[in-house]
Amino acid sequence: MERWSGKVAVVTGASSGIGEAIVKKLVGHGMKVVGCARNEEKLKKFASEINGKGKGEMHPFKCDVKSEENILKMFQFVKEKFGSIHVLVNNAGLAHFAASLLAGKTELWKDMLDVNVLALSICTREAIQLMKASNVDNGHIFNISSVAGHVISSMAPFYSCTKFAVKALTEGLRQELRAVESHIRVTSISPGAVLTDFGFRAVPGLREKNVDLGSIMEMLKSDDIADTVVFALQAPPHVDVNEIIVRPTEGDVGKKLAPLLQKKA
Ligand code: NDP
């Protein structure tokens, strides 16, 4: 990871779960990381916990990625502070498991589209433009997708649809970059179930049921995904690493979860 030390990264969704673990890992490898999310208090607390321990540092940035204006402000901040960006991790994402195709509410579908697809696309465009303007031709874009972007989840078909879109965007971007002879890499990482707040946010009321997801199924840890990012960053620069699927060694999460979830429109 030496060649990434001192380089600049942006990680979206850095206030929790997988994003938090990725920030910690990149800072540990000496990177300057702008971590964004809506919850500024959590970001600042996290930054104060990890900063000052080594060469790397985290810069918290309050940003609702549903707002293009917010995203543009964040990349302006990156440009003014560092002049460049080398790594973008499009991690912010959410699911509404109650938003079925038969009866789901339009605003829940739109919420998933805005964050999982549109924000990812805007951040990618801005990062690549900054890379190009600052002559960074060996940057790396990561899209945190999901196994639900490879196999339709019966629990969350619309969420699956947004993660299938991430697959298309990852491959489409790779092709566009190669067509202009850019060496910027783009990798989608598709985790299986990861023990974070994600499931509790996706299913209102689940937390109140005191369900210990980790005890009923084997789940990945956020660090497993952060390690996967580091793994891909270490691939030789001439090697494309387009898709990585990361799964726990056991279990069909959908089947095990189904009895616990009340299907609501
Ligand atoms: P969490 O719910 O723990 O974290 C989601 C992060 O996204 C939070 O930091 C949240 O911050 C941020 N976020 C959500 N909406 C916005 C927004 N509008 N603007 C800015 N930030 C936002 O989930 P995970 O860490 O588990 O999920 C991270 C990614 O991994 C997602 O893309 C998810 O789809 C994917 N994934 C997760 C799996 C799992 O089982 N956990 C499995 C497969 C994929 P804040 O609320 O402060 O804005």
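Both counts, for ligands and for their atoms, begin at 1 and track the order of listing. Numbers here are sequence positions counted from 1. Only a predicted model underlies this, so the values are computations on that prediction, with no experimental measurement involved.
Summary of contacts: the protein heavy atom closest to atom 37 (C) of ligand 1 is Ile18 CD1, 3.9 Å. The protein atom (non-hydrogen) at minimum distance from atom 2 (O) of ligand 1 is Arg201 NE, 3.0 Å. Looking from atom 9 (O) of ligand 1 to the surrounding protein, the closest heavy atom is Ser15 OG, 2.8 Å. In terms of protein heavy atoms, atom 43 (C) of ligand 1 is closest to Pro191 O, 3.3 Å. Annotation: atom 48 (O) of ligand 1 to nearest protein heavy atom, Arg38 NE, 2.6 Å. Among all non-hydrogen protein atoms, the one lying nearest atom 18 (N) of ligand 1 is Asp64 OD1, 2.8 Å. Residue, atom and distance of the protein heavy atom nearest to atom 21 (N) of ligand 1 are Ala37 CA, 3.7 Å. Protein heavy atom closest to atom 39 (C) of ligand 1, with residue, atom name and distance, is Val194 N, 3.5 Å.
Residue Met112 comes nearest to Ala99 through the heavy atom pair CE-CB, 3.8 Å, listed as atom of the first residue, atom of the second, then distance. Considering every non-hydrogen atom in both Ser145 and Lys163, the closest pair reads OG-O, 3.5 Å. Heavy atoms only, all atoms of each residue included: Met74 and Cys36 are closest at SD-CB, 3.5 Å.
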- List the steps and the verdict of side-chain contact (heavy atoms from CB on, under 4.5 Å) for Thr12 and Val89. CA-CA 6 Å; Thr12 67; Val89 185; over 6 Å; no
- Message: Using side-chain contact (heavy atoms from CB on, under 4.5 Å), reason through Glu171 and Lys167 one step at a time and then give a plain yes or no.
- Response: CA-CA 6 Å; Glu171 178 54 19; Lys167 186 180 171 72; over 6 Å; no
- Could you walk me through whether Ile141 and Arg185 pass the side-chain contact (heavy atoms from CB on, under 4.5 Å) check? CA-CA 6 Å; Ile141 311 284; Arg185 288 193 292 201; over 6 Å; no
- Where do Arg201 and Asp197 land on the salt bridge (Lys or Arg N to Asp or Glu O under 4.0 Å) test, with the steps shown first? CA-CA 6 Å; Arg201 294 197 207 213; Asp197 279 352; 5.1 Å; no
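Two rings, from Phe61 and His59, have their centers 6.0 Å or more apart. Ring pair Phe198/Tyr159: centre-to-centre distance below 6.0 Å.
Close contacts between ligand 1 and Ala193 involve ligand atoms 40 (O) [criterion: under 4.0 Å to a heavy atom]. Close approach to Asp197 involves these atoms of ligand 1, each under 4.0 Å from a residue heavy atom: 3 (O). Of all the atoms in ligand 1, the ones that sit under 4.0 Å from a non-hydrogen atom of Ala14 are 9 (O). Of all the atoms in ligand 1, the ones that sit under 4.0 Å from a non-hydrogen atom of Asn39 are 47 (O). Close approach of ligand 1 to Ile144 is summarised as follows: ligand atoms under 4.0 Å from at least one heavy atom of the residue are 29 (C), 30 (O), 32 (O), 35 (C). Of all atoms in ligand 1, listed by their number and element, those nearer than 4.0 Å to a heavy atom of Cys63 are 19 (N), 20 (C).
Inspection of the Thr124 and Asn90 side chains reveals an N or O donor paired with an N or O acceptor under 3.5 Å. Judged by distance alone, the side chains of His183 and Asn138 never bring a donor and an acceptor atom under 3.5 Å apart.
Residue Gly93 holds the heavy atom nearest to atom 5 (C) of ligand 1 of all those in Gly93, Ala21, Ser146, Ala202. Looking at Ile189, Val147, Asn91, it is Asn91 that brings a heavy atom closest to atom 28 (C) of ligand 1. Nearest residue to atom 1 (P) of ligand 1 from Ser145, Ser16, Gly17 is Ser16 (criterion: closest heavy atom).
Heavy atoms of Tyr159 approach ligand 1 to within less than 4.0 angstrom. The shortest heavy-atom distance from Gly192 to ligand 1 is under 4.0 Å. For the pair Met219 and ligand 1, no heavy-atom separation below 4.0 Å is found.
At under 3.5 Å, a nitrogen or oxygen of Gly13, whether backbone or side chain, sits near a nitrogen or oxygen of ligand 1. The N/O atoms of Val115, backbone and side chain alike, include none that comes under 3.5 Å of an N/O atom in ligand 1. The shortest N or O to N or O distance between Gly19 and ligand 1 is not under 3.5 Å. At under 3.5 Å, a nitrogen or oxygen of Val65, whether backbone or side chain, sits near a nitrogen or oxygen of ligand 1.
Under the 4.5 Å side-chain heavy-atom criterion for Ile, Leu, Val, Met, Phe, Trp and Tyr, Leu108 and Ile152 are members of distinct hydrophobic clusters.
By the neighbour-count criterion of 12 heavy atoms within 6.0 Å, atom CD of Glu41 is sparsely surrounded, having that number or fewer from other residues, nucleotides or ligands.
For the pair Glu68 and Arg125, the salt-bridge criterion is met [side-chain N within less than 4.0 Å of a carboxylate O].
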